Amino acid sequence: MEKKAERELFSKVHIFDSTLRDGAQGEGISFSVQDKLNIVRALDGLGVSFIEAGNPASNPKDLEFFEEVRKIPLETARLVAFGSTRRKDAEAKDDANLKSLLAAGTECVAIFGKSWDFHVTEILRASLEENLAMIRDTIAFLESEGRTVIYDAEHYFDAYRANPAYAMETLKAAVAGGAAVVVLCDTNGGTLPDEISSMTARAASELGVPVGIHCHNDAGLAVANSLLAVKAGATEIQGTLIGFGERAGNANLSTIIADLELKMGITCVPEGKVAELTSVAHRIAEIANVSLEVGMPFVGHNAFAHKAGMHIDAVTKNPRAYEQVPPESVGNERSFLMSEVAGRSMIIEKIRKFDPNIQKDSPVAAQIVARVKDLEHAGYQFEGAEGSFELLVRKNIGKYKPFFDLQYYKIIGEQPIKGVTCTAFAQVKIGVDGEMAITAGEGDGPVHALDVALRKALERFYPGVHSIRLTDFKVRVLDSKSATAAKVRVLIESTDGEKAWSTVGVSTDLIEASWIALVDSFEFKLISDVEKRFKAYL
Ligand SMILES: [Zn+2]
């Protein structure tokens, strides 16, 4: 990087993401080369300044990645290869690891070195002087090869607590070697905010180069510590976008970006990009194959979900009552959760969709509120089961007629037989306006078999059923303490290619719970079709 561009970039607050390096240390995280390329695209789309992409010397997968990533045109992000200072007994130019770092072909490299005297003498088994030389030489060598060097001072805060003079000397060695930025790392994640502030402030005022911060979350303080470091003068914030990493994880950058931009008025990503935070966070979770914590600040599914009745009532009057920032500012959405404590006003809102004239004090409204509470007590949950909720409302306001009578259903299970994929058979008998239909279906498990049989029976009377596809099926055991008597809640998601809906069923019997959710799904579709046709005649 040109010296002028380098100075300008590092002097402004900017984001350095280490999802592909430190984040990959998290439990259950394993990225294929394709995953890594997709993460690079997602992070670049968000406008981070640096993406740390691992160590090309560590394995062939990383080497292949560095070859592939060069083909991706990046808008804001620069790739960073990561490695350590040279070995204690070799010259930098002969060090195999440093050679492979250069071979990665990135403009920037991050080098970590030891700041803690105890680590130098006990773990590295080098003299304090030798360690300073290793830091200085390594950086000077990479600099002379045209690289922009980001220096990570490992264990900086522990080091400073143990021996402040030596810790500062290691940073000065990095500056002498030509580091563009010196990053103070709370590697063990146990430093308290006031120490982060004072120690960062000293480094920022004495070094003469920009300073960065790299926090781990072992004490639950990684975000707070990172923000305080910025206040103390740090300009580079390292972390992982959704916080994953070894042990308790790294500083969560999605939270930090939102806090800096929306609360502290500090720009760290290009204009307009904060509003993409939620979608990028979900994308990263999807690629990493982890579920994004629902309560994750700003970007979690529940970050703007209101549940308590009084809160919902207040938020419908003015969102500021219970929201720190508008959900759309981070690309998230406000939602209201149905619950035992949900206020009547919430349910009334939903009923108005079918009966715009319903009043808050109407007896029907009270009846529906009571019914929802009973069902929730029995284990139902209407959050994420809008289809079933709509049917419930319809049944109570007289906008529902059953489409069929169930006479019986029967399931015969089979052990998997070699070469045969179906493991269950179902038989269903239904009546529609006095006419009977008996059908059978086979499927991959009892619920699938039931779905096939019911669909066949209904298709004779209602061809619209043909377009329904079940897209998701979730089972949750509700009261796992009483093993066999435990209730299960089944959530089914369906689509007809135009819209999607979800339905719920609860029972002590898995098949019955599935049946209830399945019937709701078919009825929801049929009732919507009837209404659509009816509207077409108006
Ligand atoms: Zn780290």
Side-chain angles (χ1 to χ4, degrees), residues 294 301-328 332-404 464 489 491-494 496 498-506 516-517 519-538:
V294 290
H301 189 69
N302 286 351
F304 297 91
H306 303 277
K307 191 156 183 174
M310 255 167 41
H311 293 186
I312 291 175
D313 194 51
V315 166
T316 33
K317 285 175 186 143
N318 188 335
R320 267 176 56 212
Y322 289 96
E323 284 174 4
Q324 56 163 346
V325 296
E328 54 280 7
N332 208 338
E333 274 175 11
R334 174 177 308 125
S335 64
F336 299 113
L337 303 177
M338 304 291 290
S339 78
E340 277 184 85
V341 285
R344 180 181 280 242
S345 59
M346 183 55 221
I347 293 178
I348 306 280
E349 268 317 294
K350 295 240 177 192
I351 303 173
R352 286 215 169 108
K353 193 178 152 197
F354 310 103
D355 182 358
N357 302 318
I358 196 143
Q359 295 303 312
K360 256 191 167 180
D361 51 5
S362 113
V364 172
Q367 190 184 312
I368 295 174
V369 171
R371 184 79 187 120
V372 168
K373 284 187 179 175
D374 281 350
L375 285 169
E376 288 193 331
H377 191 68
Y380 275 80
Q381 200 177 49
F382 291 99
E383 304 167 19
E386 299 284 311
S388 289
F389 181 74
E390 194 172 313
L391 287 170
L392 173 91
V393 171
R394 285 175 179 280
K395 283 174 188 167
N396 280 277
I397 59 174
K399 294 209 169 184
Y400 166 85
K401 92 171 180 59
F403 287 81
F404 64 92
R489 176 162 64 223
L491 265 173
I492 289 180
E493 272 174 42
S494 315
D496 59 2
E498 277 176 35
K499 59 181 180 308
W501 61 95
S502 46
T503 51
V504 60
V506 172
I516 296 168
V519 168
D520 265 12
S521 169
F522 282 82
E523 287 204 316
F524 180 86
K525 161 71 178 164
L526 292 171
I527 216 163
S528 322
D529 281 1
V530 168
E531 253 176 22
K532 216 156 95 186
R533 241 174 300 143
F534 181 63
K535 271 183 198 144
Y537 286 114
L538 285 179

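Keep in mind it's a predicted model, so treat the numbers as computed, not measured. In this chain, residues are counted from 1 in sequence order.
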Pair Phe382-Leu375, side-chain contact (heavy atoms from CB on, under 4.5 Å): steps then yes or no: CA-CA 9 Å; Phe382 291 99; Leu375 285 169; 3.7 Å; yes
Side-chain touch Gln367/Ser362, heavy atoms, less than 4.5 angstrom: no
Salt-bridge criterion met for Arg352 and Asp355 (N-O under 4.0 Å): no
Partner residues of Ser502 under the side-chain hydrogen bond (donor to acceptor under 3.5 Å, both in side chains) criterion, sequence neighbours left out: none
Heavy atoms from other residues, nucleotides or ligands near CD of Glu333 exceed 12 (cutoff 6.0 Å): no
Main-chain N/O of Gly505 paired with Arg489 side-chain donor or acceptor, under 3.5 Å: no
Working for side-chain contact (heavy atoms from CB on, under 4.5 Å), residues Ile368 and Ile397: CA-CA 9 Å; Ile368 295 174; Ile397 59 174; 4.1 Å; yes
Separation of Asp374 CG from Tyr380 OH (nearest 0.5 Å): 12.0 Å
Where Thr503 and Ala385 come nearest, the two heavy atoms and their spacing: C-CB, 4.2 Å
Polar side-chain atom of Asn396 near backbone of Leu392 as donor-acceptor pair, under 3.5 Å: yes
Arg394/Glu531 ion pair, N-O < 4.0 Å: yes
Test item: Ser494 side-chain N/O and Ser521 main-chain N/O as donor-acceptor pair under 3.5 Å: no
Greater than 12 external heavy atoms within 6.0 Å of Arg320's CZ: no
Val364 vs Ile351 side-chain heavy atoms within contact, under 4.5 Å: no
Trace of the side-chain contact (heavy atoms from CB on, under 4.5 Å) decision for Phe304 with Val325: CA-CA 9 Å; Phe304 297 91; Val325 296; 4.1 Å; yes
With Arg334 via salt bridge (charged side-chain N to carboxylate O under 4.0 Å, His left out) - residues at least two apart: Glu323
Gap separating the CD atom of Glu523 from the CG atom of Leu391, nearest 0.5 angstrom: 6.0 Å
Stepwise side-chain contact (heavy atoms from CB on, under 4.5 Å) test for Val519 and Phe404: CA-CA 10 Å; Val519 168; Phe404 64 92; 3.9 Å; yes
Student check: side-chain heavy atoms of Phe403 and Val530 closer than 4.5 Å: yes
Trp501 vs Glu390 side-chain heavy atoms within contact, under 4.5 Å: no
